[in-house]
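Read the structure below first, then the notes.
Along the sequence shown, residues carry numbers from 1.
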Amino acid sequence: MIRYLIKNNFKLMLRNKWIIAIMILGPILVIATLSSAFSDLMKSYEGVDDFSVGYRVEEGSVFSKGMEAIEEAGKEAGITFLKYQEGEPKEVIESNGLAGFVEFKQNDYTVYESADFEVEGITLEYFLNRVVKMFEDSALQVMIPVEKETIELPVQTLDFLPAIDAVDYYGIIYIVYFSWCGIVCAANVLTSEKKYGINRKFQVTAISDVRMYLAKLIPVILVVTVGMMLSTIITVLLFGIHWGNILIASLLLFLTIIASSALGLMIYYLFQDVAITVIVLFTVVWFMAFFGGSFETYMYSSHSEVIKSLSPIYHINRALVENACMGHSKFTGSCVLYMLAITFGCSVIAIAVQKIRRRGRA
């Protein structure tokens with residue numbers, strides 16, 4: 001019975017050719033538009049020449065014993081740190097032709113930027129943000145008490161994130177974005193089911209709520225997977241997008257499609273209305289994408305790390321982009337856990353709601 005339902009639902013979804021076409025062509029058009037519009041910005045970030053910045057370290061600063069490592073990492077990133085213990089930062093910048101100046105205080109730092117070196121200033125901010133993050137990842141919190149004497153910051157942990165081409169960046173994240181909107185492919189199935197009271201008819205059969213749920217979830221996953229696979233292949237052929245390790249990228253994207261399909265079905269089970277489901281899902285996805293780097297590249301994003309970390313799209317975007325440009329990402333694990341948690345949680349809620357409604361009609 002479940003095989004028949006899956007096959008029938010799959011056929012119903014494929015009948016809605018317009019939605020399938022939009023799901024395939026949508027990412028291609030958006031990727032082509034945004035990668036072209038923001039190519040100069042990403043090129044500026046990628047192709048910035050080596051530059052020099054001044055710095056000053058307050059006595060007793062938590063950064064003082066890590067400065068040698070920071071300077072070494074700066075050289076690898078094309079940033080030369082020059083020490084100026086005296087003078088106003090702005091005057092030092094102007095008189096020495098520096099791109100910026102950093103004051104390392106007791107527990108934090110202040111960055112002064114030159115208006116003539118805008119791109120270099122952004123790069124410096126990003127570099128320092130990475131440095132501070134490395135402190136945190138090494139359990140060497142920036143806000144630690146000054147009396148702690150030992151600060152060990154291995155140079156090799158201060159990897160500077162390689163720049164990524166605009167085409168690669170948008171070519172990856174908009175495949176992810178459209179994957180989260182895949183529930184629209186099930187519009188035919190959900191509408192027909194409600195219109196003809198199919199759920200009520202199956203109440204007299206022995207088919208379980210879990211199987212009824214899977215009969216919808218599996219076809220959605222299959223249709224969205226095929227659609228995103230076609231979009232990915234076309235964009236790779238047209239724009240030469242690099243995905244890095246294909247096996248890892250495919251696994252992460254497939255887990256994302258499963259999680260997004262489960263989320264969409266859960267919303268439908270809660271509201272029992274296709275229009276409301278689409279509105280609610282697209283709103284949720286928009287906010288996740290807003291903090292996840294879909295509209296503003298997460299490299300330049302000024303949002304709080306705590307807020308960004310709450311967005312599943314942030315984790316999948318970072319995992320895929322960093323795996324593509326660096327060959328590895330510390331967000332791969334958190335991405336997998338996030339997707340599995342969403343899939344399990346949404347499925348449990350959807351099945352529970354279905355059981356409650358079924359009993360109410362009994």
With side chains defined as the heavy atoms from C-beta onward, is the minimum distance between [X] and [Y] less than 4.5 Å?
X	Y	answer
W243	T232	yes
I349	Y269	no
F295	Y177	yes
E120	S114	no
T80	D50	no

When you look at CD of E59, are more than 12 heavy atoms from neighbouring residues, nucleotides or ligands closer to it than 6.0 Å?
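No.
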Is there a chain of hydrophobic side chains (I, L, V, M, F, W, Y, each step under 4.5 Å between heavy atoms) that links [X] to [Y]?
X	Y	value
V348	F271	no
F101	Y109	no
I221	L340	yes
I307	I173	yes
I248	F254	yes

Residues which pass side chain to side chain donor-acceptor pair (under 3.5 Å) with E305, listed by chain and number, not counting sequence neighbours
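If we apply the side chain to side chain donor-acceptor pair (under 3.5 Å) test to E305, skipping adjacent residues, the hits are K308, Y314.
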Quick one: list whatever passes side chain to side chain donor-acceptor pair (under 3.5 Å) with E103, sequence neighbours left out.
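With neighbours one apart ignored, the set is R56, Y112.
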Check for me whether the distance between the ring centres of W286 and F290 falls short of 6.0 Å.
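Yes, the ring centres sit under 6.0 Å apart.
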List in chain and number order the residues that pass ring pair (Phe, Tyr, Trp, His ring centres under 6.0 Å) with F178, two or more places apart in sequence or in another chain; answer none if no residue qualifies.
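Checked F178 against ring pair (Phe, Tyr, Trp, His ring centres under 6.0 Å); zero matches.
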Quick one: sort the Y55 and F81 rings into parallel, tilted or perpendicular, breaks at 30° and 60°.
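Ring orientation, 0 to 90° scale: perpendicular.
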Measuring from atom [atom1] of [X] to atom [atom2] of [Y], what distance do you get when rounded to the nearest 0.5 angstrom?
X	Y	atom1	atom2	result
H315	M288	NE2	CE	11.5 Å
M339	L253	CE	CG	10.0 Å
W180	I175	CH2	CD1	15.5 Å
E118	T123	CD	OG1	10.5 Å
S311	R318	OG	CZ	12.5 Å
D168	H242	CG	NE2	6.0 Å

